[in-house]
Amino acid sequence: MISAIAPIGMTADACLALLQNSTIEEHGELMAAMTDPMNALISFQQALATGGVSPQMAELHNDVLVLFDHPNGVPRFTYALVREQSVVAVAVFVPTDPIDGTTCFNSGYAVDQRHRSKGLGKEITQKAFDELTEGFRRAGFPGLYVEAIVSTSNEHSQRLANRLFSDSPTACTDEESGQPALQYVRRLF
Ligand SMILES: CC(C)(COP(=O)(O)OP(=O)(O)OC[C@H]1O[C@@H](n2cnc3c(N)ncnc32)[C@H](O)[C@@H]1OP(=O)(O)O)[C@@H](O)C(=O)NCCC(=O)NCCS
């Protein structure tokens with residue numbers, strides 16, 4: 001059973017301790033596997049079906065489940081969009097390098113193949129932003145960034161990131177694949 005606590009239930013000190021104690025760079029490939037959004041979607045669907053996870057209802061949106069876990073010591077927030085008792089989309093957040101001293105989460109998002117191009121990717125990402133903003137503001141954080149690293153070949157994901165993260169991405173290299181990518185950054189608050 002994976003432990004689940006809502007980020008909204010954590011104090012700022014507890015959040016910060018978790019984020020600072022995670023040695024992200026040491027995990028390398030493991031991080032890449034954990035943040036792969038399609039893996040996250042499929043494993044969340046499977047774990048939910050077999051009772052392997054106990055997510056909580058999100059605070060603001062009643063069609064969203066939230067799971068906080070820390071595989072291999074790395075904190076991870078997963079927000080899952082539910083339709084007709086099935087998880088159809090997820091948005092996943094793990095801490096990455098702070099920006100100007102402000103906490104930043106790397107984001108991944110995925111929609112079940114059968115439900116794509118209906119706005120659900122944008123919906124779960126925006127709802128996750130709402131929940132993170134609410135929870136981390138209340139926990140006393142002074143600000144919060146989110147980033148998405150998107151392959152230059154993933155036009156569909158670029159469209160989503162362009163809408164919800166930033167319309168001025170920066171060229172970068174995807175550390176996992178070594179392929180050219182775009183970094184989209186947004187300050188949530
Ligand atoms: C990327 C992904 C999450 C998008 O989710 P979705 O629910 O299908 O997308 P949405 O319907 O919310 O649409 C998002 C944007 O893409 C556009 N879009 C929809 N279908 C598209 C397609 N087939 N090709 C390109 N853009 C498309 C939409 O018009 C929208 O842009 P707009 O707001 O400017 O009109 C989904 O395709 C997916 O799960 N892909 C595999 C996993 C992945 O690549 N994740 C991202 C890793 S960085």
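Note that this is a predicted model, so its numbers are computed, not measured. Atoms within each ligand, like the ligands themselves, are counted from 1 in listed order.
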> Applying a strict 4.0 Å limit to heavy atoms, is Gly119 in contact with ligand 1?
Replying inline: yes
> Are any of the heavy atoms in Thr125 under 4.0 Å away from ligand 1?
Replying inline: no
Identity and separation of the nearest protein heavy atom to [atom]:
atom	answer
atom 20 (N) of ligand 1	Ser117 OG, 2.8 Å
atom 12 (O) of ligand 1	Lys122 N, 3.0 Å
atom 29 (O) of ligand 1	Arg159 NH2, 3.3 Å
atom 45 (N) of ligand 1	Tyr109 O, 2.8 Å

> With under 30° as parallel and over 60° as perpendicular, where do the rings of Phe77 and Tyr79 fit, or are they tilted in between?
Replying inline: parallel
> At a non-hydrogen distance cut-off of under 4.0 Å, which region of Pro37 contacts ligand 1 (side chain, backbone, both, or neither)?
Replying inline: side chain
> Is ligand 1 under 4.0 Å from a heavy atom in the side chain of Asn154, in the backbone, in both, or in neither?
Replying inline: side chain
>> Looking at Arg116, I want to see if its CZ is surrounded by more than 12 non-hydrogen atoms of other residues, nucleotides or ligands under 6.0 Å.
In response: yes
> With the 4.5 Å side-chain cut-off for hydrophobic clustering, are Met57 and Phe44 part of the same group?
Replying inline: yes
> Numbering the atoms of ligand 1 from 1, which are under 4.0 Å from a heavy atom of Ile149?
Replying inline: 48 (S)
Could you say whether the N/O atoms of [X] and ligand 1 ever approach to under 3.5 Å?
X	answer
Val150	no
Val111	yes
Glu155	no

> Under 3.5 Å, is there a donor-acceptor pair linking the side chains of Asp174 and Ser177?
Replying inline: yes
> Are Asp130 and Gln126 close enough that a side-chain donor and a side-chain acceptor fall under 3.5 Å?
Replying inline: yes
>> For His156 versus Ser117, what's the shortest heavy-atom pair and its separation?
In response: CE1-OG, 3.5 Å
>> Could you check whether Phe68 and Phe93 have their ring centres less than 6.0 Å apart?
In response: no
> Between Tyr184 and Phe165, does the ring centroid distance fall short of 6.0 Å?
Replying inline: no
Nearest candidate to [atom], where distance is taken over non-hydrogen atoms, out of [options]:
atom	options	answer
atom 7 (O) of ligand 1	Gly121, Ser157, Ala148	Gly121
atom 34 (O) of ligand 1	Arg163, His115, Gln113, Met38	Arg163
atom 9 (O) of ligand 1	Lys118, His156, Arg116	His156

> Ion pair present between Lys127 and Glu131, side-chain N to carboxylate O less than 4.0 angstrom?
Replying inline: no
> Got a donor-acceptor contact below 3.5 angstrom from the Ser107 side chain to the Glu147 backbone?
Replying inline: yes
